[in-house]
Amino acid sequence: MTSTLVMVGMLIACQAKEDVEPPAPVVEAVAKKLAVHGGAAAERRLREWAEQGSPVAARELGLLYSQDVAKHKEAMRLLEKAALAGDSVSVDYLSTRFRSSATVANADGSRVWPLYVQLSNQHHTK
C-alpha cells in the first residue's frame, strides 16, 4: 500500500513538472495499469513521456502497441526509438523479433547484428 502511495505521489509530481522524466518504476506502473485496466489517461501520459524522450515510456508503449496489429508500425517505431536511446529491454526484444522473423533467404543479419553489438556493449546477459 505504501509503495502504491509513493508511486501515485511521484506521478502527481511528474505531472506538475512537465519537463521532468519520471523514474522507470513510475513509468512501468502506469504501463501496467494501462495493460490491465486500459484508460486513455494512462496511454496519454505514456505517450507524453515518450515524446519528451523517456526510453522506458517509449518501450512500454511500444510493447503494449505490439499486441495490436493496427498499431504494429507505431510499436516498432517506439521500440526502435527506445533501443537507440540505450534501453536494453527494447534492444533485446527487437533482436529476438528480427532474428525469429528472418528466413534463410534474407538472414544476412543486417538488422540483428547491430542490436547484439549494442547488447554486448551494455553488458547484457544474453
Side-chain angles (χ1 to χ4, degrees):
M1 179 70 172
T2 304
S3 63
T4 303
L5 291 174
V6 169
M7 279 199 229
V8 169
M10 292 172 73
L11 179 59
I12 291 169
C14 289
Q15 288 176 336
K17 298 180 179 180
E18 291 296 323
D19 60 339
V20 174
E21 184 177 319
V26 173
V27 174
E28 291 165 344
V30 171
K32 185 175 182 179
K33 177 186 180 291
L34 178 59
V36 173
H37 303 291
E43 183 177 356
R44 184 176 58 250
R45 178 50 68 192
L46 282 174
R47 177 157 296 287
E48 288 171 1
W49 287 335
E51 289 170 359
Q52 290 172 1
S54 169
V56 177
R59 176 221 318 150
E60 291 297 326
L61 197 57
L63 290 173
L64 287 168
Y65 284 178
S66 70
Q67 298 172 17
D68 183 349
V69 175
K71 295 181 178 180
H72 176 74
K73 285 186 179 184
E74 179 66 6
M76 292 297 103
R77 186 190 72 75
L78 288 164
L79 288 164
E80 287 176 5
K81 177 181 176 180
L84 288 172
D87 182 66
S88 62
V89 175
S90 298
V91 175
D92 183 43
Y93 176 86
L94 289 171
S95 65
T96 302
R97 184 165 176 108
F98 291 156
R99 187 186 72 232
S100 67
S101 67
T103 63
V104 175
N106 69 0
D108 63 358
S110 63
R111 292 188 81 181
V112 177
W113 184 250
L115 295 171
Y116 285 136
V117 170
Q118 185 175 347
L119 283 173
S120 175
N121 291 337
Q122 295 173 337
H123 305 290
H124 195 276
T125 57
K126 286 189 178 180

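It should be emphasised that the depicted structure is a prediction, and the values quoted were computed from it without experimental measurement.
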message = Looking at Glu43 and Lys71, is there a salt bridge between them, counting it only when a charged N and a carboxylate O are closer than 4.0 Å?
response = yes
ask   = Roughly how far apart are Asp68 CG and Glu74 CD, rounded to 0.5 Å?
value = 11.5 Å
message = Rounded at 0.5 Å granularity, tell me how far CE in Met76 sits from OG in Ser90.
response = 9.5 Å
query = Can you name the nearest heavy-atom pair linking Leu78 to Ala58, along with the distance?
reply = CB-O, 3.4 Å
query = Taking all non-hydrogen atoms of both residues, which atom of Ser66 and which atom of Leu63 are closest, and how far apart?
reply = OG-O, 2.7 Å
message = Quick check against the 3.5 Å criterion: does Ser54 have a side-chain atom that pairs as donor or acceptor with the backbone of Ala50?
response = no
ask   = side chain to side chain contact (heavy atoms under 4.5 Å, CB included) between Tyr65 and Leu61: does it pass, once the steps are laid out?
value = CA-CA 6 Å; Tyr65 284 178; Leu61 197 57; 3.7 Å; yes
query = Salt bridge between Glu28 and Arg59, side-chain N to carboxylate O under 4.0 Å?
reply = yes
query = Between Glu80 and Arg77, is the closest basic N to carboxylate O distance under 4.0 Å?
reply = no
inquiry  = Which heavy atom of Ala24 sits nearest to which heavy atom of Val56, and what is that distance?
reply    = CB-CG2, 4.0 Å
inquiry  = Assess the residue pair Leu46 and Leu64 against the criterion (side chain to side chain contact (heavy atoms under 4.5 Å, CB included)); give the C-alpha distance rounded to whole Å, side-chain angles, the decisive distance to 0.1 Å, and a yes or no.
reply    = CA-CA 11 Å; Leu46 282 174; Leu64 287 168; 4.2 Å; yes
request  = Give, for atom CZ of Arg44 and atom CG of Leu34, the distance between the pair rounded to the nearest 0.5 Å.
outcome  = 11.5 Å
message = What verdict does the side chain to side chain contact (heavy atoms under 4.5 Å, CB included) test give for Val30 and Trp49, after you've listed the backbone C-alpha separation in whole Å, the side-chain angles of each residue and the deciding distance to 0.1 Å?
response = CA-CA 11 Å; Val30 171; Trp49 287 335; 3.9 Å; yes
